[in-house]
There are 2 protein chains.
Amino acid sequence: MGMGRPREFDAELALDQAMEVFWRHGYEGATIAQLTEAMGINPPSLYACFGNKEGLLKAALDRYTKLRNIWMEEVVAAPTARAVAERMLMGIADKQTDPANPPGCLLVQGGIACGSGSENVPFELAARRAQNEDQLRDRFVRAKAEGDLKPTSDPAALARYVSAVSVGMGVMASSGADREALRQVASVAVQAVEAQSADKT
Amino acid sequence: MGMGRPREFDAELALDQAMEVFWRHGYEGATIAQLTEAMGINPPSLYACFGNKEGLLKAALDRYTKLRNIWMEEVVAAPTARAVAERMLMGIADKQTDPANPPGCLLVQGGIACGSGSENVPFELAARRAQNEDQLRDRFVRAKAEGDLKPTSDPAALARYVSAVSVGMGVMASSGADREALRQVASVAVQAVEAQSADKT
DNA sequence: CCACATCTGTAGTGAACACTACATATCTGG
DNA sequence: CCAGATATGTAGTGTTCACTACAGATGTGG
């Protein structure tokens, strides 16, 4: 029994192209024709490799969140809660306006509302956003334990807040906000975290 | 020359139903079949009255923003910048989790990313969100002139910030966040505005 | 070289989509 | 009561969609 004809395209490279299409047009707005053209393959190759359109999205999300989680590790490595928030939001301002990618964030652009038959796509994206929120929460719990955040602060609420701001920035970026505008938002947003930080005296 | 057969349905009532469908499924996810069923009419009536699907969306957005602007007037009537932010974000936490409506905000759920042929839909929504941001900015400009906000504060950045937070809250609401979670976000977010407020001594 | 397994390109499939032709119904103005 | 104008319901239109049948190509194990 043989092992069959080998694949002629690089799956990860193709995923990068598919990611960009989903990022720009959303799950429902992206068509198989656009995806296959961007990936440089024909539909049967796509379906053999990823199952269906939703499978392709999940694979693209896996790749996206994998890279993103590596970056989040650097973010939560910042020394204080305030520095974590600043590093995250300023970094997001830069990433979401990086001309190498479509504006905004795939976890938002992918699909906030979907039609019948794709109802679980928004949930899928929300679940991935929640992962980042959990990382932030864990970091803020630690900050509170270390006395970096006030004893009255709520780490989970702070994490939700930072997550909400980053989502809002993503929407703004996708509708044309430039880097400076996003940095201003980040700069203001950080002050709420600072207000929850213990006084340095 | 006669005036023709009168319309048999209430256009504003039908718009309310269409609004809910767009709100729940987004522009691309909403089908004409769903819309006509919810509106209780047949396709020719829809097209005679609203032109096409995008015309129906714009009419629904007009209605939505009209009601919203009335509420925004109440928001900016609050006595201080901090109170404005609090009234707005707390109100949004309640509105976006009102069981009478789909969760989130139509100006976000309507469509952040769209496929080819509907590229201007996200712009249309962004333009309406920008209206609210402008109202906030004007209010914060006044607050700065009144000495309510610090001389170093940036009213435009503050308005962008509050707008970004409300968008982020909308996305969270649509993916299942409950009222209490949103209120916590709002509560934290207000502290950034407070940090830009002049000291009360 | 052969049996088998997997991939690839061509060329479609049925279904769902936004939208409409048309006949009929219901109004106003004269 | 008639002529013109607009609305309505039925029943479609062509197009685009996600997805696939099939035949040929390209690999492995014996």
Side-chain angles (χ1 to χ4, degrees), chain A residues 1-15 17-19 21-22 24-61 110-111 113-121 124, chain B residues 1-15 17-19 21-22 24-61 110-111 113-121 124:
Chain A
M1 42 176 171
M3 288 171 64
R5 178 175 175 175
R7 183 177 295 136
E8 290 186 359
F9 63 97
D10 181 337
E12 293 215 327
L13 215 66
L15 263 186
Q17 307 306 317
M19 199 169 79
V21 175
F22 282 132
R24 202 173 292 279
H25 298 292
Y27 175 74
E28 291 196 302
T31 69
I32 297 291
Q34 287 174 324
L35 290 163
T36 51
E37 185 183 351
M39 298 166 84
I41 61 177
N42 290 310
S45 298
L46 190 159
Y47 284 89
C49 191
F50 302 105
N52 56 18
K53 190 181 175 185
E54 197 169 330
L56 176 61
L57 174 73
K58 286 182 183 172
L61 290 177
C114 274
S116 309
S118 312
E119 293 94 345
N120 46 334
V121 167
E124 190 74 29
Chain B
M1 45 174 171
M3 287 173 64
R5 177 175 175 176
R7 184 176 295 133
E8 289 186 1
F9 63 95
D10 181 336
E12 293 215 327
L13 216 67
L15 264 186
Q17 307 306 318
M19 200 169 78
V21 175
F22 282 131
R24 203 173 291 281
H25 298 292
Y27 175 74
E28 292 197 301
T31 69
I32 297 291
Q34 286 175 324
L35 290 164
T36 52
E37 185 183 351
M39 298 165 85
I41 61 178
N42 289 311
S45 298
L46 189 158
Y47 284 90
C49 190
F50 302 105
N52 56 19
K53 190 183 176 184
E54 197 169 330
L56 176 61
L57 174 72
K58 286 182 183 173
L61 290 177
C114 274
S116 308
S118 311
E119 292 94 345
N120 47 333
V121 167
E124 191 74 29

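Being a predicted model, the structure only gives us computed values, none of them experimental. Naming convention: chains lettered A, B, ... in sequence-line order (proteins, then strands); numbering from 1 in each chain.
Residues satisfying the side chain to side chain donor-acceptor pair (under 3.5 Å) test with A:Gln17, not counting sequence neighbours, are none.
Each end of the helix from C:dC1-D:dG30 to C:dG30-D:dC1 gets its own rotation axis from five pairs of C1' atoms, and the angle between them is 10° to the nearest 10 degrees.
Closest approach of A:Ala113 and A:Glu28 over heavy atoms only: O-OE1, 4.1 Å. Between A:Met19 and A:Ala60, the closest heavy-atom pair is SD-O, 3.9 Å. Shortest non-hydrogen contact noted between B:Ser116 and A:His25 is OG-CE1, 4.1 Å. Heavy atoms only, all atoms of each residue included: A:Ala18 and A:Met39 are closest at CB-SD, 3.9 Å. Minimum interatomic distance between A:Ala38 and A:Val21 (heavy atoms only, all atoms of both residues): CB-CG2, 3.7 Å.
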Can you give each donor-acceptor pair under 3.5 Å made by side-chain atoms of residues 43-57 of chain A, sequence neighbours left out, with the distance rounded to 0.1 Å?
residue, atom, partner, partner atom, Å
A:Asn52, OD1, A:Glu54, N, 3.3
A:Asn52, OD1, A:Gly55, N, 2.8
A:Lys53, NZ, A:Tyr27, O, 2.8
A:Lys53, NZ, A:Ala30, O, 2.7
A:Glu54, OE2, A:Asn120, ND2, 2.7

Grab the N/O contacts between the protein and nucleotides 6-10 of chain C below 3.5 Å, and write none if there aren't any.
residue, atom, partner, partner atom, Å
C:dT6, O2, A:Arg5, N, 3.0
C:dC7, O4', A:Arg5, O, 3.2
C:dC7, O2, A:Arg5, NH1, 3.1
C:dT8, OP1, A:Glu8, N, 2.5
C:dT8, OP2, A:Ser45, OG, 3.1
C:dG9, OP2, A:Asn42, ND2, 2.7
C:dG9, O5', A:Asn42, ND2, 3.0

Could you run down the sub-3.5 Å N/O contacts of the protein with nucleotides 14-18 of chain C?
residue, atom, partner, partner atom, Å
C:dA18, OP1, B:Ala30, O, 3.2
C:dA18, OP1, B:Lys53, NZ, 2.9
C:dA18, OP2, B:Ile32, N, 2.8

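Panel note: side chain A:Glu119, backbone A:Gly117; a donor-acceptor pair is recorded below 3.5 Å.
Here D:dC17 presents its P atom at 18 Å from CD of A:Glu54, a figure rounded to the nearest Å.
With rounding to the nearest 0.5 Å, the separation of CG in A:Asn42 from CD1 in A:Ile32 is 12.5 Å.
Within the structure, side-chain hydrogen bond (donor to acceptor under 3.5 Å, both in side chains) contacts touching residues 2-13 of chain A (residues at least two apart or in different chains) are A:Arg5-A:Glu8, A:Glu12-A:Arg63.
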